[in-house]
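Sequential numbering from 1 along the given sequence is applied to the chain's residues.
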Amino acid sequence: MKYVVTMVACLLMGATVTANAEQPVDESGQFPAWEAGVNIAGLIAHVPRLKHPYPHGQDWQPTLMWWQVPLSFDDPAKLKQELAVMKSRGLLPSIEVPAEYGTPKAYPEIPQVVAQAKAVADAGFPVHLSMKGRLNLYAMPDGKIVQHVDTPDPDQKDAVGHVMPCLVIKDGWQARAKHIRGLMQAFADASVPVAGVWYDYEDHPHPWNGIFSHSRQCPSCRKQYPVGVLDSRKQFKAYVEKLRYQALAQALAQPVRDVFASARTGFYGYAPASAQYPVGTVTGHPIPETDVNPDQIDVAQPVCYAYTRHASRYFEGVEAIPSREIDRAYFVDMLAAVSNVTKNIRSDQFLVPFVSGLVCEPDDPTPRMTRSLYREFLRHAILRGARGFYCYNTAPPYSSVAEFYSELADINAVYNEMFAYPDFLQDGQTLNHDYPDFKTINKTDENSDKNKTNAIIWSGMRKGDKALVRVVTLQQSPHPVSITPFPGVTVRLIASPAGATYMINADGHVQAVD
């Protein structure tokens, strides 16, 4: 199992669905089970219903799950009941579409998938489609990888076993775009309104796994790349990252728009980066500055995982990593991704991070993130502009059934706090995107005022004459902090390890609200 395997499935809707806990939901009766023990009955038992409706003003998005709960697609009445249970918890299903080449009618799975999507639509819920893997943008329908005729070694494979393409050839993009357009047309022909299509695509073009050397060895590539690109890995990475964003937009996003003009598209790990506000991948590698953010891509989706392998890089040579210290590493990494992407995205884009409080390699002894601190991250992500989360909740054998549900329960527990303040979440102004450097707070001398101050994180939103602010410290003891939520108005708050939320008036009056 490749844990960093992404997951872009589907997550947004053209029309926002309100998860209203006041609406009666029938949670009685027997629901279909699944061999791993994950089912609708489990959601009822372990995932809290939402106490408040979803905010509307900024197009908040209900949560979709990486690992799907089985649904009764062949029983309209039961399906509607199951979907109502999910909706009451802010959840919606996604329909996975086989991504092999060919016409939609060529695969027996496509009619079945279209029928499932239609059943969801007929039940009154928006349809989201997921496409994972098998979408090589440099493979033609016959499986041939696009290469120049003078490529020295046409069978050369990269570090993950894929044949090396010549990245400057875009024939594969065009073939894949035609293929995606055909798949979308199958849903349109069945009168299924598709609200969103979400991709888990991690193949070429990318600058990793030997493609730099391969490109330099190909005579035609050397002629066709812009001057200087093949002179250094740094220039090559920057160029290929731009090429990647163009490929995602032209080959995967635009064909969806061609058929469903209002459908949204998103991509796992799509995170516009800049020199001033850098963004990293799930493994900690920096994404080069791209200066490219295509209009066809509606959603920024940085990866915010408490990933043991990623966080443990801060502790090379340490035999037993202290849980408290690696907690700080998880928190700072995830908060940095959210904060910097928010600075880089367009005003019309949405921030919907991929989140998980548990991503680890099998038998990895690295301490996992404390669930309470993971929930703290979710609060701060919301107050910094996130408009929903894509939940990477795996199931057995990759995680326990209890962990599957706990991932969803964490999000809903935070929503039940934050959705009590819809005015701020709908159209409030974010107040702070700063975050500490892990190295400056991971000090043994926790008694110094400087270290205490460096370990304090605050986030907030302002609307009119009020501000909603969350403050927490990553140290072990409370410490005061001064913030300025309104011009000329500075207030003093207490940052505790448990965190606290405050309502602040423009006249400086402060009230703790949790």
Side-chain angles (χ1 to χ4, degrees), residues 7-15 17 19 23 25-47 61-100 103-134 182-200 256 259-260 263 390-391 393-396 401 404-405 408:
M7 45 226 173
V8 97
C10 353
L11 211 165
L12 289 33
M13 40 212 109
V17 170
Q23 180 181 357
V25 175
D26 182 5
E27 297 185 354
S28 63
Q30 298 297 313
F31 293 93
W34 187 38
E35 62 272 15
V38 173
N39 49 48
I40 291 291
L43 291 181
I44 293 172
H46 300 293
V47 181
Q61 304 304 330
T63 306
L64 276 96
M65 305 170 291
W66 172 246
W67 209 280
Q68 297 295 305
V69 173
L71 297 171
S72 303
F73 291 109
D74 296 330
D75 185 336
K78 181 66 72 175
L79 176 64
K80 191 166 186 176
Q81 182 187 17
E82 293 166 350
L83 292 173
V85 168
M86 294 183 70
K87 177 182 175 181
S88 71
R89 287 155 176 81
L91 304 171
L92 281 178
S94 59
I95 308 297
E96 186 167 351
V97 181
E100 290 86 352
T103 63
K105 294 181 180 178
Y107 307 118
E109 300 97 333
I110 294 299
Q112 178 184 352
V113 168
V114 172
Q116 291 177 350
K118 186 167 179 57
V120 171
D122 289 346
F125 294 82
V127 173
H128 292 270
L129 306 179
S130 167
M131 280 193 250
K132 305 175 183 178
R134 300 180 303 234
L183 291 176
M184 293 302 104
Q185 192 61 49
F187 291 91
D189 291 345
S191 300
V192 176
V194 173
V197 180
W198 309 98
Y199 292 95
D200 174 7
V256 174
V259 180
F260 298 103
Y390 181 92
C391 185
N393 55 333
T394 55
V401 172
F404 173 94
Y405 293 124
L408 299 171

*Polar side-chain atom of Gln68 near backbone of Pro93 as donor-acceptor pair, under 3.5 Å*: no
*Give a yes or no on whether the backbone of Pro70 and the side-chain of Asn39 come within a donor-acceptor separation of less than 3.5 Å.*
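Not confirmed, Asn39 side chain does not pair with Pro70 backbone.
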*asked:* Is any side-chain heavy atom of Leu92 closer than 4.5 Å to one of Gln61?
replied: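 Answer no - side chains too far apart.
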*Quick one: are Val192 and Val120 in side-chain contact, heavy atoms under 4.5 Å?*
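Not in contact.
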Rounded to the nearest 0.5 Å, how far does [atom2] of [Y] lie from [atom1] of [X]?
X: His46; Y: Arg89; atom1: NE2; atom2: CZ; result: 11.0 Å
X: Met131; Y: Ser94; atom1: CE; atom2: OG; result: 12.0 Å
X: Cys391; Y: Met65; atom1: SG; atom2: CE; result: 8.5 Å
X: Glu82; Y: Ile44; atom1: CD; atom2: CD1; result: 9.0 Å
X: Asn393; Y: Trp66; atom1: CG; atom2: CH2; result: 10.5 Å

*Sequence neighbours excluded, which residues qualify as salt bridge (Lys or Arg N to Asp or Glu O under 4.0 Å) partners of Asp122?*
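Asp122: salt bridge (Lys or Arg N to Asp or Glu O under 4.0 Å) contacts with Lys118.
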*In sequence, state the C-alpha distance, the side-chain angles, and the governing distance for Phe73 and Ile95, and then conclude on side chain to side chain contact (heavy atoms under 4.5 Å, CB included).*
CA-CA 11 Å; Phe73 291 109; Ile95 308 297; 3.9 Å; yes
*side chain to side chain contact (heavy atoms under 4.5 Å, CB included) between Leu43 and Val38, worked out*: CA-CA 8 Å; Leu43 291 181; Val38 173; over 6 Å; no
*Val256 pairs by side chain to side chain contact (heavy atoms under 4.5 Å, CB included) with which of Leu129, Leu183, Val197?*
Val197
*Dump the intermediate steps for side chain to side chain contact (heavy atoms under 4.5 Å, CB included) on Phe187 and Val97, then the final yes or no.*
CA-CA 11 Å; Phe187 291 91; Val97 181; 3.9 Å; yes
*Locate the shortest heavy-atom distance separating Pro193 from Ala121; write the atom from each residue and the value.*
CD-CB, 4.1 Å
*What closest approach, in Å, do Pro126 and Ala195 show between heavy atoms, and which atom pair accounts for it?*
CB-CB, 4.2 Å
_Using the rule given for side chain to side chain contact (heavy atoms under 4.5 Å, CB included), can you reason through Leu79 versus Phe125, listing the C-alpha separation, both sets of side-chain angles and the distance that settles it, and then say yes or no?_
CA-CA 11 Å; Leu79 176 64; Phe125 294 82; over 6 Å; no
*Can you name the residues that form a side-chain hydrogen bond (donor to acceptor under 3.5 Å, both in side chains) with Glu100, not counting sequence neighbours?*
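If we apply the side-chain hydrogen bond (donor to acceptor under 3.5 Å, both in side chains) test to Glu100, skipping adjacent residues, there are no hits.
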